[in-house]
Structures are given as C-alpha cells and as structure tokens.
**Q** 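Supplied in structure tokens, the structure appears directly below.
Quick note on labels: first sequence line is chain A, next is B, and so on, each numbered from 1.
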Amino acid sequence: DAGVTQSPTHLIKTRGQQVTLRCSPKSGHDTVSWYQQALGQGPQFIFQYYEEEERQRGNFPDRFSGHQFPNYSSELNVNALLLGDSALYLCASSLRSGSYEQYFGPGTRLTVT
Amino acid sequence: GEDVEQSLFLSVREGDSSVINCTYTDSSSTYLYWYKQEPGAGLQLLTYIFSNMDMKQDQRLTVLLNKKDKHLSLRIADTQTGDSAIYFCAESIGGSARQLTFGSGTQLTVLP
C-alpha cells in the first residue's frame with residue numbers, strides 16, 4: 001500500500017518564475033491538503049482539496065493555487081516566485097469522513113534564487 | 001484564535017523517559033496530534049487524541065491532555081537514539097481532518 005508520494009523531491013527556481021508541485025494521496029484517501037514548512041518552523045496550512053474543489057484556505061496569497069484531479073491526486077502551483085517562497089512543501093492526505101488522521105508525504109524542497 | 005506553543009529543545013539520556021509539552025489556545029479544538037519529523041523527511045503521524053479523552057497509550061507513547069489548562073504532553077518511555085527528531089504538536093478544529101495548526105516543534109536529542 002503506497003503512502004503519500006510527492007514529486008519532484010527538490011526544485012530550484014528563479015525569482016519571478018512559476019512552479020508546479022505534485023502529490024498522490026494514500027490509497028483510499030480522497031482529500032489532499034498542502035502545507036508550507038519554512039526552515040526551523042512548523043508547517044503552515046495552505047489549502048485543502050476535496051471533490052476537485054478548494055474547500056479551505058489558509059492565509060496565503062492568490063499566487064498559490066491548486067487543483068485536484070478525478071483520481072484524487074493534486075497539484076500546487078505558485079506564480080511569481082519570491083525568495084520567501086523557499087521552503088519544504090508538504091502534501092497530506094486524509095479521508096473526508098470517518099477518519100481523523102492526516103498522513104504526510106516526504107515533501108518537495110523548493111529553493112528560489 | 002489558534003496558537004500552538006512548544007518548547008524548542010529537549011535532551012535526555014538513552015533509556016530515560018522523554019516528556020514533550022505543548023499548549024494550545026483554541027478551546028474548540030477537537031483532535032490533537034503528535035507528529036515526528038526526522039532530518040530531510042516528511043511528518044510521521046505518531047498518535048492523536050480526541051478532546052474528550054484525558055489519556056491515550058500506544059506502546060512506548062503516552063499522551064496526556066489537560067483540557068482545562070489546554071495542555072498536551074507526549075511521554076516516550078525508554079527513549080532510544082532513533083527517537084532523536086523534531087516532534088510537532090498540532091490541533092485540528094472540527095471533525096473529518098480539517099486543517100491542522102502546528103507548533104514550532106521540539107528538537108529531541110537522545111544522548112548515549
């Protein structure tokens with residue numbers, strides 16, 4: 001049973017560019033959440049997708065957008081990258097009903113230069 | 001509002017018990033979680049507790065919840081060097097795995 005997978009593992013981008021990160025949830029899960037973890041800090045909630053719609057959003061600008069596909073996988077897009085966007089981006093999957101567990105993937109380390 | 005606080009560092013000797021503490025401010029928190037993060041890795045779910053429980057035990061892990069003081073603790077019995085990691089406390093508001101609010105993490109160092 002595959003857990004949560006994310007790609008790519010590492011990414012280096014230049015300020016102003018755009019980036020797309022990908023996530024496949026744990027088998028049987030239908031909800032995907034994205035978190036940003038800056039160095040030395042705890043993860044911060046970006047948004048959550050369920051049934052291909054954004055259901056909840058944290059305090060992040062519109063430069064951060066996402067998508068969920070019919071197979072429950074998800075993408076996180078960040079436009080007009082800033083140096084401050086450098087972080088570990090974590091995807092977490094869960095089951096919308098009847099479960100209170102969120103399982104995290106290994107993350108994508110994004111460096112903006 | 002939501003705010004989760006943890007002490008930054010904890011050092012223990014191998015074989016001793018570790019106690020990692022966390023305080024939260026939102027009294028409507030439904031579930032409280034403990035995650036472990038090793039260097040360069042994602043977060044591993046260790047355990048979680050429902051807000052109407054006082055204690056939960058899972059092998060070497062014991063979670064204590066004092067809802068009146070909004071205090072959560074994680075006790076690791078017989079701490080091993082493999083337990084060295086960052087431990088995050090997190091709260092979830094509402095059911096069905098809503099968004100998690102994390103503390104800044106406690107770096108646990110296990111000394112031989």
**Q** Would you say A:L39 has more than 12 foreign heavy atoms packed within less than 6.0 Å of its CG?
**A** no
**Q** Can you tell me if CZ on A:R63 sees more than 12 non-hydrogen neighbours from other groups inside 6.0 Å?
**A**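 Result for CZ/A:R63: enclosed.
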**Q** Counting heavy atoms not belonging to A:Y72, are there more than 12 under 6.0 Å from its OH?
**A**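 No, not enclosed.
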**Q** Kindly give the heavy-atom pair with the smallest separation between A:G42 and B:F88, and that separation in Å.
**A**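 Closest heavy-atom pair between A:G42 and B:F88: CA-CE2, 3.4 Å.
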**Q** Are B:V110 and B:L10 linked, directly or through other ILVMFWY residues, by side chains that come within less than 4.5 angstrom of each other?
**A**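 Hydrophobic grouping puts B:V110 with B:L10.
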**Q** Spell out, yes or no, whether B:L32 and B:Y87 are grouped together once hydrophobic residues are joined by side-chain heavy atoms under 4.5 Å, including indirect joins.
**A** yes
**Q** Are any side-chain N or O atoms of A:Y35 and backbone N or O atoms of B:L100, one a donor and one an acceptor, separated by less than 3.5 Å?
**A** yes
**Q** Do the side chains of A:Y49 and A:Y89 join up, straight or via other hydrophobic residues, at under 4.5 Å, putting them in one cluster?
**A**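 Hydrophobic grouping puts A:Y49 with A:Y89.
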**Q** What residues of residues 40-63 of chain B sit under 4.5 Å from chain A when you count only heavy atoms?
**A** B:A41, B:G42, B:L43, B:L45, B:Y48
**Q** Going only through I, L, V, M, F, W and Y residues with side-chain contacts under 4.5 Å, is there a path from A:V4 to A:I46?
**A**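 Per the 4.5 Å side-chain linkage, A:V4 and A:I46 are not co-clustered.
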**Q** Does atom CD1 of A:I12 have more than 12 heavy-atom neighbours from other groups under 6.0 Å away?
**A**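 No, because the 6.0 Å sphere around CD1 of A:I12 holds 12 heavy atoms or fewer from other groups.
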**Q** Of all heavy-atom pairs between B:Q99 and A:Q48, which one has the smallest distance, and what is that distance?
**A** N-NE2, 4.4 Å
**Q** Between A:Q37 and chain B, with a heavy-atom cut-off of 4.5 Å, which part of the residue counts as in contact: side chain, backbone, both or neither?
**A**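 Interface part for A:Q37: side chain.
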**Q** Same cluster or not: A:F60 versus A:L83, using hydrophobic residues (I, L, V, M, F, W, Y) connected whenever any side-chain heavy atoms lie under 4.5 Å apart?
**A**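 Yes, because A:F60 and A:L83 connect within a single hydrophobic cluster, where side-chain heavy atoms sit under 4.5 Å apart.
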**Q** Which of residues 103-113 of chain A have a heavy atom under 4.5 Å from any heavy atom of chain B?
**A**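 Interface residues of residues 103-113 of chain A: A:Y103, A:F104, A:G105, A:P106.
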**Q** Does the gap between the ring centers of A:F45 and B:F102 come in under 6.0 Å?
**A** no
